[in-house]
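A, B, ... follow the sequence lines: proteins, then strands. Residue 1 opens every chain.
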Amino acid sequence: MSESEIHSTTSPIRPRIPDPSPKWQKRWDDLNLFRAADKPDPARKYFVMPMFAYPSGDIHMGHFRNYTMTDAIARKRMMEGREVLHAFGWDAFGLPAEAAAIKRGLHPEEWTLSNVAQSKATLQRIGISFDWSREVNSCLPDYYKWTQWMFVQLYKHGLAYRKESEVNWCPNCNTVLANEQAAGGICWRCEGPVTKKNLTQWYFRITDYADRLLDDIDTLEGWPETVKSLQRNWIGRSHGAQIKFTLEDGSDFSVFTTRPDTIYGVTFMAIAPDAPLLRNLTIPEKRRGEVEKFLAEARGRTAVERMADAEKRGVDTGLRVTNPLSGEKIPLWVADYVLAGYGTGCLMGVPAHDQRDFEFARKYHLPIRPVIQTGDQVRDGAAMTDADPGEGRMVNSGPFDGLEGQAGVDAVIAHLEKHRLGQAQTQFHLTDWLISRQRYWGAPIPMIHCAKCGVVPVPEDQLPVLLPKGNIDFLPKGRSPLADVPEFMNVSCPKCGGKAERDPDTMDTFMCSSWYFLRYLDPKNDKAPFDKAKARAWLPIDYYMGGITHATGHLIYFRFFTKFLKDIGWLEIEEPATILFNHGMVMDSQGQVMSKSKGNVVSPIDMIARHGVDPVRIAMYFATPGEREVLWSDAGMVGAERFLIKVDHFVRGAREALATASFDPDRNFDVSQLSDAERDAYRKLNQTITKVDHDFELMQLNTHIAAVMELIGSLGSGESFTPEFRAVCAATMIRLLAPLTPHMSEEWWEVLGFPPSIFRAGWPKVDRSALAADTMQIAVQINGKLRGQIEVPSDAAEDAIVAIAERDPKVIPHLEGKTRVKAIHVPKRLVNLLVK
RNA sequence: GCCGGAGUGGCGGAAUUGGUAGACGCCAGGGACUUAAAAUCCCUUGUCCCAUAUCGGGGCGUGCCGGUUCGAGUCCGGCCUCCGGCACCA
């Protein structure tokens with residue numbers, strides 16, 4: 001789902017080891033090896049997927065890394081006897097396609113589909129085990145029909161609504177943005193500053209799910225802590241109260257606060273310059289001029305400018321508001337540090353106990369009145385240099401004096417509720433999800449505006465609302481290009497049959513990506529988005545892999561969709577994915593992001609032409625553990641190629657030594673019948689299986705490979721082994737590598753005389769009897785310092801080990817003239833002799 | 001400011017619950033094979049000091065300071081630096 005364009009160059013250099021990948025890709029295809037069942041055995045099903053891709057050109061090394069990782073998982077699971085679903089698709093709507101279309105004079109669809117074709121060809125050339133029969137493409141009508149269907153379901157259940165408000169607007173992209181896409185006041189696409197605009201737009205009521213989205217994070221045991229923490233912050237729940245202050249004309253003026261216990265310390269009220277409520281207020285004549293002047297200035301400042309300069313500005317409206325508890329009349333200011341989108345867009349100013357209110361009060365000479373005592377004595381407001389935000393005892397608070405901390409909060413809320421002056425309330429940082437986009441290249445919003453009937457959803461049997469493809473001017477003008485296509489816009493109202501208009505906007509592309517995993521389960525279904533029984537069989541996703549960049553966007557939206565679809569009876573799961581893995585990015589050797597403009601992009605097609613698919617995979621995996629970033633350098637190829645050449649020699653040597661054609665690759669050996677060298681090798685072989693299993697499951701493929709490197713180092717040429725033992729070593733080793741080097745392992749499997757496929761040959765099992773050894777190495781420490789190394793029988797008791805240690809020639813000098821006071825024995829590892 | 005993550009050789013990186021720091025690989029140096037080169041194989045490779053005809057021996061070392069422990073890369077307290085996210089959230 002990231003985008004950057006690359007070009008490949010062909011290279012005449014031949015790989016150092018033959019690349020058998022085309023041969024095996026064809027064979028796998030003939031065997032239908034990756035075709036997933038519609039209804040798998042629930043106990044054996046395994047659904048693994050990477051985040052689908054934005055088709056912006058050919059794939060780059062980052063994609064190569066991501067998809068070869070899910071590929072490795074899919075293949076190991078196949079070998080373990082699981083029924084695997086590993087599918088892929090294209091997140092094909094979006095701005096870059098339009099930009100490219102404008103630049104190149106192509107239709108966005110033409111550009112998109114040609115990128116899809118190219119990227120798909122590369123993925124197939126890399127041999128990723130996707131079940132291509134399940135490929136989805138979000139810009140095609142058979143997919144977006146169901147994206148529109150999802151919109152209609154949300155609408156029917158009261159979760160899609162239209163409202164006019166200040167929205168994030170990117171003047172460069174000429175479209176509105178969701179909060180998640182405008183984080184930090186910067187457009188996620190063009191990185192330009194985001195401004196505000198007043199528009200009527202479609203929203204999803206994701207805040208109705210805020211509590212569940214937050215609370216259920218605790219159930220996501222297979223998700224990384226970082227993502228969970230980012231989501232918790234983003235949802236940002238605050239407990240407090242909504243309190244009804246009143247204006248002089250008697251109308252309500254409610255604010256949200258997390259500190260109702262400070263209500264007697266309110267010395268001013270403040271409203272955001274862009275708060276909708278402000279427009280309903282009648283500013284006194286004598287103040288109007290100054291307020292208008294301030295508002296004009298405040299609106300001219302972008303979010304970025306506001307953040308760069310923490311200075312708080314404001315103006316007194318001349319209006320007065322009454323404190324519901326103290327009855328005090330306090331001034332109402334407009335202040336630019338108040339956020340229109342949080343709470344009611346207004347706040348109660350308590351300068352003694354809030355740093356921002358404090359700074360504002362100091363600047364405009366407003367009173368500072370402490371009402372919470374945190375230390376030995378009540379502070380003097382005039383002498384304070386900073387606000388005191390701590391919890392404490394209520395003072396100067398009338399009947400509430402003396403209440404401590406939470407008890408004070410609770411008492412004030414109880415009083416407010418009793419007298420209908422307010423109530424306990426929870427606020428979220430998360431806001432409703434703005435869906436409308438004023439762009440062409442997206443799924444049309446399936447809604448019709450009728451002068452008589454109002455908003456009417458397009459009947460489900462009339463979906464999809466096709467995106468018109470004729471002669472359309474894509475240039476963004478600040479309103480949807482579809483608004484200028486009468487054949488599209490003019491419809492008859494589904495309710496009354498009268499003249500009506502379509503909604504001209506398209507949907508945010510994050511809508512398409514919120515449910516795509518469900519379409520993999522039933523990609524050809526033209527009666528429903530997916531079949532419930534198939535979903536029950538395959539869900540949840542067992543392993544989902546993608547970049548950390550989607551932590552607070554896509555990964556919240558797709559959780560939201562899952563919960564919604566459960567609530568309306570389409571799914572039975574509460575959470576979509578059991579394990580989430582965040583892979584690291586691939587950078588150039590200097591640690592720079594690869595980009596066309598920097599000219600540092602490495603092409604996977606170029607790399608595999610020079611080295612072969614599997615050596616590149618090994619070099620990529622070996623560089624670093626899966627979650628960390630890779631600084632890609634060709635230097636990594638050297639070791640990868642040497643390693644695979646060694647394995648190749650070992651396997652071919654084993655094959656030549658084998659007189660007869662057949663042997664059992666899973667044969668366990670009786671340790672007592674093996675030679676010394678074989679027994680050591682057998683132990684190492686079985687230790688390696690254990691280590692590989694452990695490391696693989698954590699996506700620590702670097703140490704997985706290191707373990708096999710160690711193994712082949714200790715096996716040597718294998719010439720001293722019996723031919724059958726040697727062949728079993730080879731067969732085991734190449735199966736341990738098969739998820740990482742699928743083509744070469746398949747080739748070696750054939751060399752050893754087995755029919756394809758190695759992925760149906762089972763995963764090696766540990767022979768526990770091999771792990772036992774006659775002797776073990778024990779480190780000897782004297783007073784915690786390493787002094788020697790002894791070899792003792794594996795069943796030696798502590799006393800015997802200590803006795804052997806004390807007789808060791810390297811240990812003796814350290815014991816001379818001293819007495820041993822204690823011996824600490826760590827079984828199988830060391831003895832520590834304490835001497836004086 | 002708040003929330004996460006991370007600091008280990010020349011480099012990428014290893015190190016189950018505290019138990020032999022530097023696995024594995026790259027780079028570098030040396031050797032074998034070869035007419036030669038490539039390829040391949042073998043050896044050395046944290047650092048400092050002592051001894052080297054020879055086996056070797058010792059000190060210091062995981063961002064910094066302190067603590068717990070027989071023993072700390074790992075645990076605790078206090079810092080520093082870097083990366084990522086959010087950011088005037090009342």
Undergrad: Taking the P atom of each, how far is B:G4 from B:G9, in whole Å?
TA: 27 Å
Undergrad: So A:Lys646, base contact, sugar-phosphate only, or nothing? Heavy-atom distance under 4.0 Å.
TA: sugar-phosphate
Undergrad: Under a 90° cut-off about 0 for the syn range, is B:G67 syn or anti?
TA: anti
Undergrad: So how far is it from A:Leu214 CG to A:Thr426 OG1, rounded to the nearest 0.5 Å?
TA: 10.5 Å
Undergrad: If I pick the P atom on B:G12 and the same atom on B:C65, what distance separates them, to the nearest angstrom?
TA: 23 Å
Undergrad: Please work out the stems of RNA chain B from pairs that are Watson-Crick or G-U wobble with both distances under 3.5 Å, keeping only runs of three or more consecutive pairs.
TA: B:1-7 with B:80-86, B:10-12 with B:24-26, B:28-32 with B:40-44, B:46-50 with B:56-60, B:63-67 with B:75-79
Undergrad: Taking for each residue the nucleotide of RNA chain B with the nearest heavy atom, is it A:Gly639 or A:Leu347 whose nucleotide lies nearer the 5' end?
TA: A:Gly639
Undergrad: Look up atom CG in A:Asp274 and atom CG in A:Leu339, then write down how far apart they are to the nearest 0.5 Å.
TA: 8.5 Å
Undergrad: Which part of the nucleic acid, if any, lies within reach of A:Arg787 when heavy atoms closer than 4.0 Å are counted: base, sugar-phosphate only, or nothing?
TA: sugar-phosphate
Undergrad: Name all residues meeting the side chain to side chain donor-acceptor pair (under 3.5 Å) criterion together with A:Asn168; count only those two or more places apart in sequence or in a different chain, and write none if there are none.
TA: A:Asn179, A:Lys196
Undergrad: Which nucleotide, B:G13, B:A23, B:U20, lies nearest any side-chain atom of A:Gln781?
TA: B:U20
Undergrad: Checking all strands, does A:Gln355 fall into the base, sugar-phosphate, or nothing category for heavy-atom contacts under 4.0 angstrom?
TA: nothing
Undergrad: Which whole number of Å gives the distance between the C1' atom of B:G22 and that of B:C26?
TA: 15 Å
Undergrad: B:U16, OP1 or OP2 - any side-chain N/O from A:Arg829 closer than 4.0 Å?
TA: no
Undergrad: Within this structure, what is the CG-to-P distance between A:Asp648 and B:U40, rounded to whole angstrom?
TA: 13 Å
Undergrad: Determine the interplanar angle of the A:Trp433 and A:Tyr557 rings, folded into 0 to 90°, and report it as parallel if under 30°, tilted if 30 to 60°, perpendicular if over 60°.
TA: parallel
Undergrad: Looking at A:Lys785, does any N or O in its side chain come under 4.0 Å of the phosphate oxygens OP1/OP2 on B:G61?
TA: no
Undergrad: Rounding to an integer number of Å, can you tell me how far A:His825 NE2 sits from B:G71 P?
TA: 19 Å
Undergrad: What integer distance in Å separates A:Leu833:CG from B:G19:C1'?
TA: 14 Å
Undergrad: Using the side-chain contact (heavy atoms from CB on, under 4.5 Å) rule, pick out the option among A:Val334, A:Leu347, A:Val338 that qualifies with A:Ile271.
TA: A:Val334
Undergrad: With respect to the side chain of A:Ala706, which nucleotide from B:G19, B:A23, B:A87 is positioned closest?
TA: B:A23
Undergrad: Taking only side-chain N and O atoms of A:Arg642, does any of them lie within less than 4.0 angstrom of OP1 or OP2 on B:C27?
TA: yes
Undergrad: Show each protein N/O and nucleotides 4-8 of chain B N/O combination with a separation under 3.5 Å, one pair to a line.
TA:
none

Undergrad: How close or far is atom C1' of B:C70 from atom CD1 of A:Ile782, stated in whole angstroms?
TA: 12 Å
Undergrad: Would you measure the distance from the C1' atom in B:U62 across to the matching atom in B:A72 and give it in whole Å?
TA: 11 Å
Undergrad: Categorize A:Leu834 for me: base, sugar-phosphate, or nothing, with a 4.0 angstrom heavy-atom threshold over every strand shown.
TA: sugar-phosphate
Undergrad: Round to the nearest Å and state the distance from A:His704 atom NE2 to B:A14 atom C1'.
TA: 16 Å
Undergrad: Touch check for A:Ala335, heavy atoms < 4.0 angstrom, all strands: base, sugar-phosphate only, or nothing?
TA: nothing
Undergrad: Checking A:Phe696 now: which residues fulfil ring-ring contact (aromatic ring centres under 6.0 Å, His included) with it, not counting sequence neighbours?
TA: A:His704
Undergrad: Say we look at B:G61 and B:C2: how far apart would their C1' atoms be, to the nearest angstrom?
TA: 36 Å
Undergrad: Once you round it to whole Å, what is the distance between C1' of B:C86 and CD of A:Gln231?
TA: 14 Å
Undergrad: Between B:G13 and B:U8, how far apart are the two P atoms, rounded to whole Å?
TA: 9 Å
Undergrad: Less than 4.0 angstrom between a side-chain N/O of A:Thr552 and OP1 or OP2 of B:G85, yes or no?
TA: no
Undergrad: Find the distance A:His694:NE2 to B:U17:C1' and express it as a whole number of Å.
TA: 12 Å
Undergrad: With the side chain of A:Leu786 defined as its heavy atoms from C-beta on, choose the nearest nucleotide among B:A14, B:U20, B:G25.
TA: B:U20
Undergrad: Any base atoms under 4.0 Å from A:Glu359, or only sugar-phosphate, or nothing? Heavy atoms, all strands.
TA: nothing
Undergrad: On the side chain of A:Lys312, is there an atom forming a donor-acceptor pair with the base of B:C88 - under 3.5 Å, no angle test?
TA: yes
Undergrad: Which is more 5' along RNA chain B, the nucleotide nearest A:Asn233 or the one nearest A:Asn702? Just name the residue.
TA: A:Asn233
Undergrad: What nucleotide, of B:A90, B:A23, B:G71, holds the atom closest to the side chain of A:Thr257?
TA: B:A90
Undergrad: Run A:Asp634 and A:Met607 through side-chain contact (heavy atoms from CB on, under 4.5 Å) and show every step you take.
TA: CA-CA 9 Å; A:Asp634 285 21; A:Met607 288 308 298; 3.9 Å; yes
Undergrad: Choose from B:U40, B:C86, B:C88 the nucleotide whose nearest atom is closest to any side-chain atom of A:Trp234.
TA: B:C86
Undergrad: For B:G29 versus B:U45, give the span between their C1' atoms, rounded off to a whole number of Å.
TA: 8 Å
Undergrad: About how many Å separate CE of A:Met699 and CG of A:Asn582, when rounded to the nearest 0.5 Å?
TA: 13.5 Å
Undergrad: Looking only at the aromatic ring of each residue, does the gap between the centers of A:Phe510 and A:Trp188 stay below 6.0 angstrom?
TA: yes
Undergrad: Please report, rounded to the nearest Å, how far the P atom of B:G84 is from the CH2 atom of A:Trp188.
TA: 20 Å
Undergrad: For the CD atom of A:Glu806 and the CZ atom of A:Arg820, what is their distance to the nearest 0.5 Å?
TA: 4.5 Å
Undergrad: Once salt bridge (Lys or Arg N to Asp or Glu O under 4.0 Å) is applied, what residue pairs with a partner in residues 698-710 of chain A remain, sequence neighbours excluded?
TA: A:Lys684-A:Glu710
Undergrad: Scan residues 614-627 of chain A for pairs that pass side chain to side chain donor-acceptor pair (under 3.5 Å), counting only residues two or more places apart or in two chains.
TA: A:Asp71-A:Arg617, A:Asp614-A:His743, A:Arg617-A:Tyr621
Undergrad: How about A:Phe360 and A:Trp333: are their ring centres within less than 6.0 Å of each other?
TA: yes
Undergrad: Taking the P atom in each of B:A28 and B:U81, what is the distance between them to the nearest angstrom?
TA: 37 Å
